[in-house]
Protein chains: 2
Amino acid sequence: MTTPKSTITITDVAKAAGVSKSAVSYALNGKPGVSDDTRAKVLDVARAMGWRPNSAAKSLSDAHTRSIGVVLLVADAENFGSGAYEMDCLAGLSKVLDSRDYSITLRMSAGGAKAACRIHEDWIASGKVDAHLVLNVALGDPRMALFRSHPEAKALFVAPREISGGLPTLYSSDSDGSRLLVRHLHDLGHRTIARIAGPEEYAHTLVRDRGAADECARLGMRCTTLHGPYLASAGAQLCDTLLDFGERPTAIICDTDVTAVAALRTAAARGVRVPEDLSVISWDDSPSCLSTLPELTSLHCDVKAIGRKAGEMLLRLIDGESVEAEPEDPYTLMVRSSTAPVLVP
Amino acid sequence: MTTPKSTITITDVAKAAGVSKSAVSYALNGKPGVSDDTRAKVLDVARAMGWRPNSAAKSLSDAHTRSIGVVLLVADAENFGSGAYEMDCLAGLSKVLDSRDYSITLRMSAGGAKAACRIHEDWIASGKVDAHLVLNVALGDPRMALFRSHPEAKALFVAPREISGGLPTLYSSDSDGSRLLVRHLHDLGHRTIARIAGPEEYAHTLVRDRGAADECARLGMRCTTLHGPYLASAGAQLCDTLLDFGERPTAIICDTDVTAVAALRTAAARGVRVPEDLSVISWDDSPSCLSTLPELTSLHCDVKAIGRKAGEMLLRLIDGESVEAEPEDPYTLMVRSSTAPVLVP
DNA sequence: CTGAAAGCGCTTACAG
DNA sequence: CTGAAAGCGCTTACAG
């Protein structure tokens, strides 16, 4: 029946419906300029013939590619984590984009932010995408300079607002998250804590550092912070360091699930009981936080929601609306069994 | 200097270089039809002006969009796993595509394979992509029927060769993997084993079932297989069932890291020592296999290599070469501490 | 309301 | 080797 002939164009439809190409175009795009009768007939014929607008032709004539460009950094597998964050973010993004028939144009770059710049530049010059989404922004990230010098390009940064000044930004409340964790430990009676934080190149690491430091100062707590990549080996090593340290902390906050799981395991291997002797908290509430014994108290972030909100902001950007900095949803603390009141000696 | 004017077209370059548009096109595309001098001058001018071919225009005229369409299924978060597989696969794919200036056009569908079909159909009719990559293929997957009825569309399936008959396929050696695991346990003296397998809708689950059953039969071993989603809760429950079972197995093979970690934890909670009382093996050698105590013996698969090979096959498909079924690289067994010789009672 | 025409930026036979 | 011209499929002022 509807055997899709090689390619059906608007001309074929016009011929079949007995009208002009322009009438078909108006009808198909719901624009005025055709009578209701003509419109109905054209729609019927187009559907019957299985017509779909040719993507390239449409893009060329209306200057919209209907795609959002995303360059994922996979360079340093070390800092990349499992990719679960990016995946969830893309899932949320894709969901919002669907409604407007937008797709994601994806590249994965092993060359870091600089190589990503090259790709973005290419996309800008070739008109390959309508807007860019920038994730995993580092301090002094060249991608910020790039888009500052290309105001004609539309880009949204997911980054701490502290560093993306001026650029359209979806910013996290990493600082608030940090404070929330410190308060949770304070409520449990902890006074000497530590953090196994992420690499210092990351802007969000510094924001978390700041939040924790401020809240500790306010509450009169002591906090030792060690930085390292999001690797199990690093988490284990840093945990060892903290446990060997003179003034042993009664609680450790880990910046990611990978290091938290490693810390848990390191403690177990040394005979340090969690949560009796040591409380452990993880950022990134992921399935692995539920697979440990004890289950990990974790800071939950709805990453899909970030993707959705990013999608909405990007579409507004594309529609020519002005977009400034907007906040992500706040974090939620998932209290499980890896944190407990500190034992009075 | 090279201030990128709004948009630089081939016409601008032609004017600046004092030649015709066609000369510019020939020069830029390395085609014959221009003298070396003209070519050199055109290239210089184009570079100086920061010209890049307009993506849509090029696609429209040469019928190549330079993008590969991928629809990721996120419908049932239950069976989706962490998304790490998809991420690695895309990373490998992207790497190969880079060299030919191809991008990935990505959509994530929450409606399963049927909704994915709709997207692929749209891509076929609109000429949005040059070829399609199909992952996570289920038994009787409607996407196979779709591409069978659209021989004009180019698609590569990553699926067991048993089910994709005729279609271009990159097939895994799941059966061989299964056999490898069984042999490893046999070598350690295990004779009564069990499997916590994935959902039976998945073709690869059945292939693994078959491989394990055949090898067990050959070696005179007994194997109980339970199926369930790739969820920690399911892994825990199935592990409980197996341990409560009359004839308790001395080893369990889990189809994914999530269930393996859950099984490990369940054993620990019941006081069943791993590996002394029970050996545990995981498919999907992932970072989490290294975060457990003991570390998990696991079947390693170079997923990025799958992505790369898929990319090469897709490019050949696009180039008009014929592509049939080709095998992935074989699995590697990573022997760690969760498997040990069975203790003679 | 409707049709003929030009244009989006590039490629590619086709005559000079 | 080089230029003028038509065409890819769609959109959009512009005359009827």
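Proteins get letters first, then strands, A, B, ... in listed order; numbering begins at 1 in each. Values in this document were obtained by computation on a predicted structure and should not be read as measured data.
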*Sequence-distant partners of B:Trp51, ring-ring contact (aromatic ring centres under 6.0 Å, His included), two or more places apart*: none
*Are A:Tyr26 and A:Arg39 side-chain neighbours, meaning at least one heavy-atom pair lies under 4.5 Å?*
no
*asked:* Any base atoms under 4.0 Å from A:Thr9, or only sugar-phosphate, or nothing? Heavy atoms, all strands.
replied: sugar-phosphate
*asked:* Using the salt bridge (Lys or Arg N to Asp or Glu O under 4.0 Å) criterion, which residues pair with B:Asp44? Sequence neighbours excluded.
replied: B:Arg47
*Look only at the side chain of B:Ser94 and the backbone of A:Met108, and say whether a donor-acceptor pair between them is shorter than 3.5 Å.*
yes
_Under the rule for side chain to side chain donor-acceptor pair (under 3.5 Å), what residues qualify as partners of B:Asp122, not counting sequence neighbours?_
A:Arg52
*Under the salt bridge (Lys or Arg N to Asp or Glu O under 4.0 Å) rule, collect the residues that match up with A:Arg308, sequence neighbours excluded.*
none
*Where does the angle between the aromatic ring planes of A:Phe147 and A:Phe157 fall among parallel (under 30°), tilted (30 to 60°) and perpendicular (over 60°)?*
perpendicular
*Describe the nucleic acid contact of B:Arg39 in one word from base, sugar-phosphate, nothing, applying a heavy-atom distance below 4.0 Å.*
nothing
*Got a salt bridge between A:Asp319 and A:Lys154, using NZ or NE/NH1/NH2 to carboxylate O under 4.0 Å?*
no
*salt bridge (Lys or Arg N to Asp or Glu O under 4.0 Å) partners of A:Arg118, counting only residues at least two apart*: none
*asked:* Could you work out, with side-chain contact (heavy atoms from CB on, under 4.5 Å) as the rule, every residue matching A:Ala325, not counting sequence neighbours?
replied: A:Arg161, A:Thr169, A:Tyr171
_Assuming nearest nucleotide by heavy-atom distance, tell me which of B:Pro32 and A:Leu28 is located more 5' along DNA chain D._
B:Pro32
*Go through the structure and list residues passing salt bridge (Lys or Arg N to Asp or Glu O under 4.0 Å) with B:Asp130, not counting sequence neighbours.*
none
*Just by distance, do the side chain of A:Thr38 and the backbone of A:Val34 share a donor-acceptor pair under 3.5 Å?*
no
*Give me the residues of residues 53-67 of chain B where at least one heavy atom lies under 4.0 Å from an atom of DNA chain D, by number, or none.*
B:Leu60, B:Ser61
*asked:* Over all strands shown, is A:Ser35 touching base, sugar-phosphate only, or nothing at heavy-atom distances under 4.0 angstrom?
replied: sugar-phosphate
*For DNA chain C, which consecutive runs of 3 or more Watson-Crick or G-U pairs (each distance under 3.5 Å) count as stems?*
C:1-3 with D:14-16, C:5-12 with D:5-12, C:14-16 with D:1-3
*What are the bounds, 5' to 3', of the part of DNA chain D that sits under 4.0 Å from heavy atoms of chain A?*
D:dG9 to D:dA13
*With a 4.0 Å heavy-atom cut-off, tell me which residues in residues 13-23 of chain B come close to DNA chain C, sorted by residue number.*
B:Lys21, B:Ser22
*Which pairs count as salt bridge (Lys or Arg N to Asp or Glu O under 4.0 Å) when at least one residue sits in residues 142-151 of chain A, sequence neighbours excluded?*
A:Asp141-A:Arg143
